[in-house]
Colleague: 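Structure in structure tokens, see below.
Note on naming: letters A, B, ... go to the chains in the order of the sequence lines (proteins, then strands), and numbering restarts at 1 for each one. These values consider heavy atoms only, across backbone and side chains, with no hydrogens, waters or symmetry-generated copies. A quick note: this is a predicted structure, and the numbers were derived from the prediction, not measured.
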Amino acid sequence: MIFDLIQNTFDGLAMGASYALLAVGFTLVFGVLRRVNLSYGPAIMIGCYAATWVSLSFHSNVFALLGITILGSVLAGTYVERLCFAPHRQGSAIAAMVASFALWMQFEEAVTLVMPKHLYDFPPMFDGDPLAFGPLSLRAEALVMLSCALAICFALHRMLYRSRFGLAVRAVIDAPLAAQLAGINVPRVLLLVFLLASGIGGLAGWLIASTHTQVTPMLGMWSTLKGLLAMMIGGLGSLPGAVIGGLALGVLEAHSQWFLGPQARDLIAYLLMFVLLAWWPRWMTTQSAS
Amino acid sequence: MAKAALGLILFFTALPLLAQKVEGELACRLTKTDFIYDCMIRISRGGLPLPGAAVTVGADMPSMPMAHNVKPVKATPGKTPGEYAAKLDLEMLGEWAVKLRLRGPVNDQLILLYEFDEKGAQPVRRGDRLPRK
Amino acid sequence: MSALLEIRQLVTAYGKIEALKGVTLDVEQGSITCLLGPNGAGKTTLMMTVAGILRPKSGSIRLAGEEITGRPPHAIVAGGIALVPENRLVFPNMSVLENLQAGAYQRRDREIEADIGKLFERFPRLKERSGQNAGTLSGGEQQMLAVARALMSRPKLLLMDEPSLGLAPLVVEEIFRIIVQLHQDGVSIFLVEQNAHMALKVAQHFYLMEQGKVTFSGTPGALAEDEVIRRAYLGSAKA
Amino acid sequence: MDDYTVSVLTNIGLISFIALSAYLLIIAGEMSFGQQGFFGVGAYTAGVATAMYGVPLPIAAVMAMGAGAAAAFLVGLPTLRLRGLYFAMATLAAAEMLRIVFELIHFQREIDGEPIGPDGTQGFRGIRWVFENGVEPEGFLAMVWGLLFAVVALFLFMERSKLGATLRMLGEDPELARMLGVHVERFKLGVAAAAGALAALGGALYAHHNTYIEPRNFDIMLGVHSLAYALIGGLGTAFGPLLGVLIDIGALEGSRVFHGYRMIVFGGLVAVLLIFRPRGLLDERVVHWLKRRLA
């Protein structure tokens with residue numbers, strides 16, 4: 001029983017590491033633009049599908065696919081930014097959200113047109129058994145993912161507080177009009193932030209695909225929903241919060257799945273999101289991106 | 001009078017038949033063209049083949065009802081009674097809710113959930129919603 | 001010799017409503033030029049248009065003979081115009097030092113640190129608070145920070161939109177002292193001001209704007225002599 | 001009319017209910033990403049009523065509307081004070097919860113030796129009231145469109161009334177509405193409940209048109225489509241959402257010109273229209289112009 005609990009926690013942390021990575025990218029966009037990008041996951045899916053296509057056609061190395069995945073996600077992200085976020089910079093946040101959903105539909109259909117199978121194999125990151133700790137086991141991929149999430153969180157923090165670009169990003173978050181008047185090219189900063197987030201998303205997508213050794217069109221919706229949930233649990237707009245939120249979501253899901261089943265797992269996750277939004281809105285909305 | 005009696009008798013003998021469940025089954029094969037399937041439909045009532053029905057076959061995507069449907073086609077009776085043949089032109093692989101509209105001996109509609117892949121179609125078995133694990 | 005800033009027939013509209021209906025004016029090199037006018041006359045719209053935040057519908061803006069109409073704001077800052085906006089608009093969650101660094105965002109030279117040092121000499125109170133978040137400063141300090149931030153871009157022309165708005169009289173006097181100092185250092189200044197009494201003491205040229213049009217142009221002397229203006233802007237103006 | 005035309009027209013009618021439901025909330029100033037949940041509540045309620053307890057469809061539809069209104073009321077209670085994005089995300093979470101609840105419901109009765117009723121992810125088969133009562137597809141189509149016209153007429157009537165003016169004021173400037181003495185919270189709850197009932201009515205009809213429903217029918221796809229219909233069709237009149245549905249299902253899906261590419265075309269159309277016509281094709285200005293023309 002106690003081993004089950006610990007093993008579940010391990011599994012949860014492993015899953016949570018991917019949620020954390022997804023949430024970091026999501027949070028970066030939300031924190032800076034105050035916009036929800038529903039196409040975040042589908043753009044990652046485009047990256048993963050591009051890599052899968054390359055892998056099927058050229059049998060390339062799994063680590064070479066990392067570059068393809070990131071490139072694909074960034075290109076798809078650029079398309080999303082140009083069509084959904086740049087035009088609505090001054091306009092409604094909801095319009096951007098709906099537009100990003102419209103592109104989600106495009107991505108999903110485009111992917112199934114080119115690669116119609118429901119499931120494709122993705123090469124694994126490592127061959128071999130999970131690491132064993134007595135009766136417990138943990139997959140090495142989970143450790144890689146967790147360290148990536150922490151490293152990216154740390155690097156982003158450094159970037160925000162130590163670099164010229166970071167200064168510009170914080171200025172844009174703080175007072176967009178003043179940032180323009182200070183000579184900061186705000187549209188460019190926003191685009192770069194968006195692309196950075198897409199790149200992080202691509203890395204997350206590659207890690208997830210090579211851990212689960214498969215890609216499906218569901219990956220898009222899954223990434224968006226999990227990233228969104230983890231971001232909210234972490235307090236909407238805080239980078240360390242996103243990592244903690246992702247891990248918390250993973251552990252919560254692992255335990256609720258074990259005790260109550262897969263449906264209850266999703267139900268509890270959404271319930272948490274609903275409760276957080278409905279009853280602590282002030283806490284949720286006052287956090288800044290730091 | 002006799003006609004009415006006959007009608008009544010027919011009506012009551014037909015009742016148990018009407019109450020019997022109509023069932024459908026699908027066997028599909030992907031043709032050379034993408035997403036076009038040759039399908040054989042078997043329809044039975046109370047376990048017995050049901051010939052002579054006018055069958056129209058359509059399909060819906062479960063996660064986008066109403067908006068994503070396939071133009072229905074009329075099925076033609078096959079060689080064996082209760083068998084009907086139709087060509088389905090789907091838009092993509094994956095799960096479809098095949099809709100059989102029956103007229104003639106029965107007026108009914110059957111929904112069959114099938115997963116279409118690059119060979120043919122299998123009935124959907126539902127488990128966990130997410131493809132992982 | 002053409003003026004530093006030349007604005008010709010400038011029209012800016014919000015949807016169908018024209019806020020500027022063909023504004024023409026000049027700001028001479030090395031001058032303090034002041035724009036007066038009632039609320040809603042389009043003064044802030046003019047400033048925002050020159051700074052590139054608003055796009056004009058027609059007309060032209062030239063800086064030192066170079067056409068800058070329709071350029072994005074960051075390019076205008078790079079070209080040498082800095083705006084100190086209405087209500088100050090500092091970066092409230094960034095430190096005073098970071099505010100200044102942000103002001104130098106366009107620059108790539110090595111003198112940024114030195115410039116910050118000079119500004120701290122000019123505004124000793126900002127130096128004392130250099131690590132503090134700008135949002136915690138008083139109104140006057142924020143105004144100084146906004147001016148200092150604008151100066152960090154080394155502008156040829158400083159635009160100031162109502163720098164005295166909402167400040168205590170003593171602070172207003174200090175702000176105007178700074179304006180005079182900057183002018184003596186060779187910065188050209190284009191000032192929007194409601195406080196005509198203070199402006200009369202510092203500016204060399206005046207424009208009056210009403211309902212999106214320039215209705216008066218002249219020296220302080222001519223302004224003081226104009227009966228209508230005197231009644232409207234000096235007679236009841238608060239000191 | 002051939003079968004296909006009838007089925008496309010029926011679908012257009014059915015989906016218009018949920019598009020109108022999204023529209024009603026948008027003009028009151030709220031974008032819900034969760035109307036599909038209430039559509040589902042309506043479908044399940046009416047399906048259980050007719051297929052398991054032999055309730056006639058008209059009564060079942062009224063029950064569905066009640067259930068939809070109650071669900072929307074309960075969801076609205078804690079969420080309606082949230083602003084824009086947060087309301088959108090909260091309603092999305094609520095609808096996903098409802099969908100998972102449908103997955104968890106296993107509630108069946110033996111009818112004629114067959115278990116009938118919702119069976120979790122296996123769906124709910126045999127909602128056959130329409131067939132058992134000999135309603136032909138054309139008849140059902142007339143029923144759907146008759147109800148739809150009644151709803152649209154109600155909308156048009158409301159928009160001319162004081163209620164409509166209050167509604168639009170609420171959408172544009174809730175603070176002004178509050179100052180003019182409108183009970184903003186109470187009013188919005190009422191609007192949310194009405195929108196829930198409307199979506200549920202659509203769901204009830206959909207369940208009987210299709211004879212089969214399953215939780216996945218009511219996922220986020222349906223909800224965002226309904227929003228998109230209202231947004232591209234236009235927020236100036238209740239005909240707007242109908243136009244949106246007509247463009248997508250009538251022109252893009254029905255014509256089959258974009259067979260296999262429809263989502264790409266429709267997705268692009270929505271994104272581009274949101275840039276150039278943020279309040280849709282039939283926005284307030286066009287409607288005003290049309291009214292002057294017709295008058």
Colleague: Of all the heavy-atom pairs spanning A:Gln106 and D:Ile264, show the shortest one and how long it is.
Modeller: NE2-O, 2.7 Å
Colleague: Side chain from CB out, backbone as N, CA, C, O: work out which of these in A:Phe274 comes under 4.5 Å of a heavy atom of chain D, or both, or neither.
Modeller: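 Contact with chain D involves both backbone and side-chain atoms of A:Phe274.
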Colleague: At a 4.5 Å cut-off on heavy atoms, which part of A:Phe30 comes close to chain D: side chain, backbone, both, or neither?
Modeller: side chain
Colleague: For a quick test of reading the model, state the closest non-hydrogen atom pair linking A:Arg34 to D:Leu85 and the distance between them.
Modeller: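 Distance-wise, the nearest heavy atoms are O-CD2, 3.7 Å.
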Colleague: Tell me the closest heavy-atom pair linking D:Met263 and A:Met105, and the distance in Å.
Modeller: CB-O, 3.9 Å
Colleague: As an exercise, state the distance from OG1 of A:Thr224 to CD1 of D:Ile220, rounded to the nearest 0.5 Å.
Modeller: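 That separation rounds to 8.5 Å.
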Colleague: Got more than 12 heavy atoms from elsewhere within 6.0 Å of CZ, A:Arg89?
Modeller: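 Enclosed.
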Colleague: About how many Å separate CD1 of A:Ile94 and CG of D:Leu274, when rounded to the nearest 0.5 Å?
Modeller: 11.0 Å
Colleague: Any idea which heavy atoms bring D:Tyr261 and A:Glu109 closest together, and the distance?
Modeller: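 D:Tyr261 and A:Glu109 have their closest heavy atoms at C-OE1, 3.2 Å.
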Colleague: For residues D:Ala271 and A:Leu103, report the shortest heavy-atom separation together with the two atoms involved.
Modeller: CB-CD2, 4.0 Å
Colleague: Looking only at heavy atoms, which of residues 225-239 of chain D get nearer than 4.5 Å to chain A?
Modeller: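 Only D:His225, D:Leu227, D:Leu231 of residues 225-239 of chain D have a heavy atom under 4.5 Å from chain A.
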Colleague: What part of A:Leu229 gets within 4.5 angstrom of chain D, counting heavy atoms only: side chain, backbone, both, or neither?
Modeller: neither
Colleague: Surrounding NE2 of D:His106 (heavy atoms of other residues, nucleotides or ligands, distance under 6.0 Å), is the total greater than 12?
Modeller: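 Yes, NE2 of D:His106 has more than 12 neighbouring heavy atoms, counting only those of other groups under 6.0 Å.
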Colleague: Can you tell me which of D:Leu77, D:Val270, D:Ile275 forms the most heavy-atom pairs within a distance under 4.5 Å of chain A?
Modeller: D:Ile275
Colleague: Examine distances only and state if a side-chain atom of A:Gln263 and a backbone atom of D:Leu104 form a donor-acceptor pair shorter than 3.5 Å.
Modeller: no
Colleague: Kindly compute the distance separating CG (A:Asp266) from CE (D:Met97), expressed to the nearest 0.5 Å.
Modeller: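 Output value for this atom pair is 12.5 Å.
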Colleague: When heavy-atom pairs shorter than 4.5 Å are enumerated against chain D, which of A:Gly261, A:Ala269, A:Ala264, A:Ala102 gives the highest number?
Modeller: A:Ala102
Colleague: Identify which part of A:Ile268 has an atom lying under 4.5 Å from any heavy atom of chain D, answering side chain, backbone, both or neither.
Modeller: neither
Colleague: Given heavy-atom pairs under 4.5 angstrom as the criterion, report whether the side chain, backbone, both or neither of A:Leu267 touches chain D.
Modeller: both
Colleague: Can you tell me how far CE of D:Met89 sits from CE of A:Met231, rounded to the nearest 0.5 angstrom?
Modeller: 5.5 Å
Colleague: What's the separation between atom CG in D:Asp219 and atom CE in A:Met221, rounded to the nearest 0.5 Å?
Modeller: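 Result: 5.0 Å between the selected atoms.
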Colleague: Check each atom of D:Phe87 against the heavy atoms of chain A and say whether the ones under 4.5 Å are side chain, backbone, both or neither.
Modeller: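 For D:Phe87, neither part sits under 4.5 Å from chain A.
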